[in-house]
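Just below is one structure, and these are the notes that go with it.
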Amino acid sequence: SSNDGGGSGGSSGAADGKPYTIGLSNGFVGSEWRTQMVKGVEAAFAEYKKEGVVDELVVESADTDVNGQIQQIRNLINRDVDAIIVNPNSETALDAVFREATQQGVKVFAIDQAVTSKDVTNVVIDQAEWARISADWLAKQVGKGGNIAVVNGVAGHPANEMRWNAAKDVFAKAGVKVLTVADGNWDQATGQQVMTNLLATYPDLDGVWSQDGMAEGVFRAVQAAGRVNQIKISGEARVGFMRLWNEARADDFESIGVVNPPGGAVSALHVAVNVLEGKKFAPGKINGNTATIPIPYTVDETNFDRYWGEAGGEGNAYSLDGSLTRDEAAEYFQ
Amino acid sequence: MNTPARLREIRLPGVQLSGAATVAMLVAAVVVNSALQPNFWNSYALTSNFATFVPLVAIAVGQTVVVLSGGLDLSLGAQVTLASVVAVQIVDGQLDRFPLAAAAALGVGLACGALNGLVVALLRLQPIVATFATSFVFSGLALVVLPTPGGSVPLEVTTAYRDAVLGVPIALLAILVLALLWWVLRRHRLLRHIYAVGGDADAAYASLVPVTRTRVWAYVLGGLFAALSALAILANTGSGDPFVGNELTLASVAAVVIGGTALAGGRGGAGGSILGAIVLALVTNIVFFADVPTTYRQLVNGAVIILALALAGIPALQKRRPTA
Amino acid sequence: MSTLLEMTGVRKRYGGVQALDGASLTAVRGEVHALLGPNGSGKSTLDKSLAGTVVPDSGEIRIDGAKARIGGPRDAHALGVAAVYQQLSIVGDLTVTQNVVLGLEPARLWGFLDHRAARDRAVAALERFSAAFSGRLPLDRPAGSLGPGEQQIVEVSKALARKPRILVLDEATASLHKEQVEVLFDVVRELRAAGVLVVFTSHRLDEVFALCDRATVLRNGRTVGTVDLAATSEDELVRLMVGDTPHRTPRPAGAPAVATADAPADAIAGRTAASAAATLEVRGLTTDQLRDVGFTVRAGEVLGLGGLQGQGQSELLLALFGAARVTAGEALLDGRPLPLTSPARAARAGIALVPGDRGRQGMFAHRPIQENLSLASMHRRARVRLALGAAAERRAARSMVERLQIKIGSLADPVSTLSGGNQQKVVIGKWLLDRPRVVLLDDPTKGVDVAAKEEIYAIVRGLADDGAVVILNSSDNRELTELSDRVLVLFEGAIAEELSAEAITETRLVSSALRLAPGESL
Amino acid sequence: MSAPTVEAPRRVLAWRPGPVALAGAVAVVLVIVGEIVSPGFAEYGQLVNLMRVAAFLGVIAIGQTIVIIAGGGGVDLSVGKVATFAAIIGSRVMDGDDGDIVPAVALALLVAAAIGLVNGLGITLLRIPPFVMTLGMIGVVQGLILAYTGGQASGRAAPALTSLVNGRVILDLPGLLFLWLLLGLLAVWLLRRTTFGWNLFAVGSNRIAAKLTGVRVDRTLILAYVLSATFAGLAGILLLGYTESVFLDLADQYMLPSVAAVVIGGTLLAGGIGGYAGTAVGAVVLTVLQSLLTTLDIGGAGRTVVNGVVLLVLLSLYGRQRRLRS
Ligand SMILES: Nc1ncnc2c1ncn2[C@@H]1O[C@H](COP(=O)(O)OP(=O)(O)OP(=O)(O)O)[C@@H](O)[C@H]1O
Ligand SMILES: Nc1ncnc2c1ncn2[C@@H]1O[C@H](COP(=O)(O)OP(=O)(O)OP(=O)(O)O)[C@@H](O)[C@H]1O
Ligand SMILES: O[C@@H]1[C@H](O)[C@H](O)CO[C@H]1O
Ligand SMILES: [Mg+2]
Ligand SMILES: [Mg+2]
């Protein structure tokens, strides 16, 4: 790795730059999903370390805004990391600091949501696809002419917009009527309060579609209104929701949970190591600068018992997970 | 002298740090940071650090003006956001449109400041909650202007922001310009009136100070500095984001207090706030380079900030009023 | 002589209080016109209506015959009116210079300040009073760091610097030394000679007679008359102020205004003998502003503190109350040491302080009269020191309202709606409910009208009669002579002289304060 | 001579709607508007729901009212985080077991109170302005949460807690509402009928005078911050009963709304004037507004702007400052 007097590579001894120092920048800790993400990277990193591929994982993880995340990334650059894995607080506003990183010879990988910068390799699931799967399911459940409400995340947030635009299309095509769209801020308690309000003012609901992190709250609100049997709820692959789902299954409740994997960060780590080792992406595996990783799986009625059996012992906040194996990651490269 | 000094001091709920204490904190932060970060003094680290400081420094100067007038502006961050998205929509990646975009940003700051001034000075709403309310208006408008992140700042601007002339980072020059602006304002009648109104509005009113107009101006100046902060953010980020400035608000208040300005108004100055903002940013760096485990980083960060604020309680460091 | 100012039918209502009820005032160019009346009669409100900080509900103000529209202080300034407010309008954090030029700062192009011109203007305004600052004008000191008298002078200078045609002085002498008062009077006389109208409000009638040409008297917000002072006796003036309703006269009928003070008050001599037990003993008390102060006071005795203002009298009272940092010395109450560390402890030990600055130190302006009266003693009536009984508190407060004849509407009204004298009674009353053994009074009648003053004197005597130790600081020598059994004269933080019984005369007090040998003349 | 001391009956003409009445009227108007734009909004069940949601804000705002009345720039920005922390502790200790409710709640409230104590000590002894002291405390508590949970909150509400909060008691009203009523009465009593309350108003109205009246100023202030944190902790526990499971940012969003509820209720941020009844109505007003905005389908941006504008209108009804000129 290059070093123009302050940039990267200071800690790498060997000729090919090994062992690598990796930085992880996470700008939001108020979510168990992010904790799981960090822990996953730490575990995978330990494997590489044993093999002498990497030496140090520098984690920057705190509640901060875009400006704070820029500072995080600059600190990582000043710490001479070889690559940075970043869960970005903004789709665009980190562009300039990513360019700085590239100029300092640091490779950057964005996870969870894609960024626009060409200096960055996005290693992400297709958020639109993720939304489409559950939207399809709900559309089928309520049928043409069905009335639904939507509990979204934060208006204007890129992941939110990407997901909602995809789902909106699905509902339009299927002839499902979206009566209202509310914001639940990806927050359980808010989601519950919002849904309670919607239930009172929209008595004709047939279904509700919500983004992840709120299905548990939505369910509790519907349950409190005594309408679990009338209203179809698109769920999520998290233990808290699945516990409720499991209990309600006795009363023929059905739902769906599409995995949004915190382990995407692990996939990105594998990709990063390959890139640092000088490998080039295989043709077709990368679209522009985005390497799309598959959505691991979807929990539904057919496979519920299996996944509940595997994950039921975890805490409520646990997200069902999945990541590329090292071999699968290697397939992305020539 | 009928009142002993001890009693007189209780009148002032917002204690202030002396200039000496703020400078001491800055020196300590720089020393510790450079000890922990081996490349602290090289050019990339230096320019990137200063580039990081500017947005908070600018908004802290704006907050200082408002606080000095006896108010508080919880909408400054939202103003930064709104000004930045308006500017980015106008500039659209073209350098020749940058002056227009910058002017528009300043216009937005001015308009937001005027609205706050109207609400606080004319309608006499309590500043903390009134500006909390206007912050919703501004962030909502930001979403209208730029519904999802996007737009780009001309490369020349982002590059220049990271450049240095004769080894002096442009971002450092930007901070010096902010300090100079403050120095000029300080010599103007308006700032004198702002101090008077913040110190004792009734007395100022009875002494012919146009209190309402002065208060409006304080918020307008706050908005103008928020707009400058927005420009720095655009140069720093290279793109627009409808949430970008919101969280600067509370940090700006912390910077003001660390810098020795009393939240009660009427005492202090932006010089301290500039240093205070830099101290705040350096603390984050220190906690990072000291390898504090991630889990404890926010705890240590918070504790260090409280400790810095607590320096205000050490009498030796306090600006004591001479007793008559 | 042409009429310069004509105020007619001025009305102002604050909530339930009719502060002005059709007041009027007519004054001419080149006169000093006194505006008099008991506490709460509306003097300050009328002054403020003229100066623009109060906008009357109705009424007319004419200046030079033209109808004046005064919507704020700036309008008043444009018409040539400047005011010294009873509640000073000093910004404590600004320097003296900045205060003097405040609002009218000399500026260069585009409003940038001209520091040199500001300084010149401040020096010109303050120079006359330089003796008060021992010759060195504190131009660059924060005004808030000055003593009350010095602040008062800055306030006066600020008004003078505005070069008014009409100058309003509302209790402008309340915090001034005698010499400073003289300087101010000289200035006022010069202004009069130059054709300026000065509206002068004071509760010190000797000042009024010494300075003013005519007087307008207010009662209950209404003008009861305007008199030519040269043709009016003090008694006549007092009768005009207090009205014809039966009331206690300020002093025994027929007694000369000053002379009685030189005779020992027989009542005092009579009751000091009642209790011989030494109750409060102070030894070597030292603080920032006190040097080695020691004395003993017995129960039933009134100990006066004399001397020029600002020689440590207030500090001594605050120190005994645990509110000043004591560096050496002790105080014993009945032989047991007093905690001099916190007012709360002092209060629990049976000490009460009626502080000198009512608004800032004694009163909770926006809280109900009820709470103001209850606060110092409520813990005695509370269950488990926590739960208050509404009825018991009301009973206690009402008993005090009746005992001190406090004029109130409802106990639930904010104490700020009362007139100055009644506010003062509330501040005293809260301590009476606590049955204190030691009562520290710091200028308890400052700004209080003659009638209320007499009532407060009766309270002080009553306290001593009931066996309390009373220590009284007063800026009014007449008050000291009337009330004290002994007087300690303080000078620069130390006891300069002790006067007792027949030695307590106004002349002795003055000469002692100035450290003249007994018998030496002024 | 006793005539002047007789209390005059308050004039009818002098009556102005107080902050409580005004805020209450606003709440009613909002509900009516809600019913017009989306029928069903004013149904009994929905009103009960609104009150239930308002209760959390209402309980957090008890402490906020107390510190704001204490004056001197008093405000507690850490209430949201403290509530979150209390819920996290409570959930981990009780972990779905009724038997552990008492120790869980006790521990959570103890920790909350301890945080309040630190706030109070920082504000009185170190003389850090409340705004920044409690702001810095947010970071500290967030750190404590991460240290305590390792970033994964665990445990569950005990069924008894859930049924206390959500279960219907009388008239189909959830237990939470009765609890709120009880706590509200306690707060009103504390402020209006105890020595602590009167000391608090005295300290908020004039700190120097309070000290010179023998009030233990520091002790009163410290107690105010301890109470604030404790009520926040209690609100966190109640919220836990509502959501049953806990998250790392469960109650964070209550920070500034708790201040807004206090101000809309007519308490002066300058201190020394106010009360809890107004705050409680303020909490209802804010909740009704939020829920009205939720049911209006006007998009996120529009919703945010309308929220701000309506808040401004509410504030201008009450919570205005004194004029300089009288
Ligand atoms: N801001 C106010 N709010 C309510 N009542 C007020 C206010 N200002 C004055 N008052 C009331 O108006 C009346 C007149 O007050 P004002 O201050 O004019 O009296 P004053 O003659 O100057 O008395 P003093 O000799 O005590 O200074 C009093 O009853 C007073 O309590
Ligand atoms: N030397 C001082 N200078 C300025 N302010 C002070 C000083 N000492 C105390 N204060 C402030 O004065 C107020 C009262 O403080 P103090 O400690 O004297 O109260 P207290 O009555 O002794 O209370 P407690 O008995 O509970 O300690 C507090 O706000 C405190 O911060
Ligand atoms: O996409 C993820 C998940 O939605 C999680 O709930 C929080 O972090 C977001 O970035
Ligand atoms: Mg007066
Ligand atoms: Mg103490």
Side-chain angles (χ1 to χ4, degrees), chain B residues 3 7-8 10-11 13-15 72 74 119-120 123-130 132-144 147 201-202 204-206 211-212 242 250 253-254 256-258 262-264 294-303 305-306 308-314, chain D residues 71-75 77 118 122 125-133 135-144 146-147 150-151 207-208 211-212 217 256 259-260 262-264 268-271 299-312 314-316 319-325:
Chain B
T3 329
L7 274 173
R8 186 165 317 121
I10 311 177
R11 180 171 72 97
V15 211
L72 193 73
L74 292 188
V119 157
V120 170
L123 295 182
R124 300 196 313 279
L125 305 193
Q126 304 181 61
I128 297 187
V129 279
F132 173 57
T134 57
S135 78
F136 284 104
V137 176
F138 303 147
S139 31
L141 290 177
L143 269 175
V144 173
D202 289 301
Y205 179 72
V211 174
T212 305
L250 295 180
V253 182
V256 165
V257 175
I258 290 182
L263 284 184
T294 4
T295 313
Y296 297 99
R297 224 167 264 173
Q298 263 174 300
L299 201 161
V300 174
N301 213 327
I305 291 168
I306 289 178
L309 296 167
L311 281 178
I314 298 175
Chain D
V75 68
L77 298 183
V118 175
L125 297 187
L126 302 178
R127 291 189 280 155
I128 301 174
F131 193 97
V132 282
M133 176 71 214
L135 181 63
M137 187 54 79
I138 292 177
V140 172
V141 175
Q142 171 77 332
L144 291 174
L146 291 180
R207 205 165 276 191
I208 294 176
K211 199 173 158 58
L212 292 181
V217 171
L256 290 174
V259 179
V262 173
V263 174
I264 290 173
L268 223 59
L269 279 172
R303 215 171 267 156
T304 315
V305 174
V306 173
N307 187 11
V309 172
V310 176
L311 267 181
L312 283 175
L314 290 180
L315 291 171
S316 51
R320 290 178 70 179
Q321 292 174 307
R322 192 173 52 83
R323 267 176 204 279
L324 285 160
R325 195 185 61 213

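Basis for what follows: all heavy atoms, side chains included, without hydrogens, waters or symmetry-related copies. Numbered from 1 within each chain, the chains take letters A, B, ... in sequence-line order.
- Using a 4.5 Å cut-off between heavy atoms, L135(D) contacts chain B through its side chain alone, with no backbone atom that close.
- Nearest heavy-atom pair, Y296(B) versus A147(D), reported as atom, atom and distance to 0.1 Å: CE2-CB, 3.5 Å.
- Listed options V310(D), L146(D), V305(D) were ranked by heavy-atom pairs under 4.5 angstrom with chain B; first place goes to V305(D).
- Of the possible polar contacts, one joining the Q126(B) side chain to the L269(D) backbone as a donor-acceptor pair under 3.5 Å is found.
- The closest side-chain heavy-atom distance from L126(D) to L309(B) is not below 4.5 Å.
- Of all heavy-atom pairs between V132(D) and A254(B), the closest is CG1-CA, 3.8 Å.
- Heavy-atom pairs under 4.5 Å with chain D were tallied for L141(B), T134(B), L299(B); the largest tally goes to L299(B).
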> What's the verdict on side-chain contact (heavy atoms from CB on, under 4.5 Å) for L312(D) and V119(B), showing C-alpha distance, side-chain angles and the deciding distance?
Replying inline: CA-CA 8 Å; L312(D) 283 175; V119(B) 157; 3.8 Å; yes
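- The side chain to side chain contact (heavy atoms under 4.5 Å, CB included) search around L256(D) returns L74(B), F132(B), L77(D), not counting sequence neighbours.
- Looking at V257(B) and F131(D), their side chains never come closer than 4.5 Å, going by heavy atoms from C-beta outward.
- Of all the listed residues (L143(B), V256(B), T295(B)), the one sharing the greatest number of non-hydrogen pairs under 4.5 Å with chain D is T295(B).
- Between P129(D) and L263(B), the shortest heavy-atom distance links the atoms CB-CD1, 3.9 Å.
- With respect to chain B, the highest number of heavy-atom pairs below 4.5 Å among A301(D), A270(D), G122(D), G136(D) belongs to A301(D).
- Atom CD1 of I138(D) and atom CG of L250(B) lie 7.0 Å apart (nearest 0.5 Å).
- When each of I305(B), I306(B), N301(B) is tested with V140(D) by the rule side-chain contact (heavy atoms from CB on, under 4.5 Å), just one qualifies, namely I306(B).
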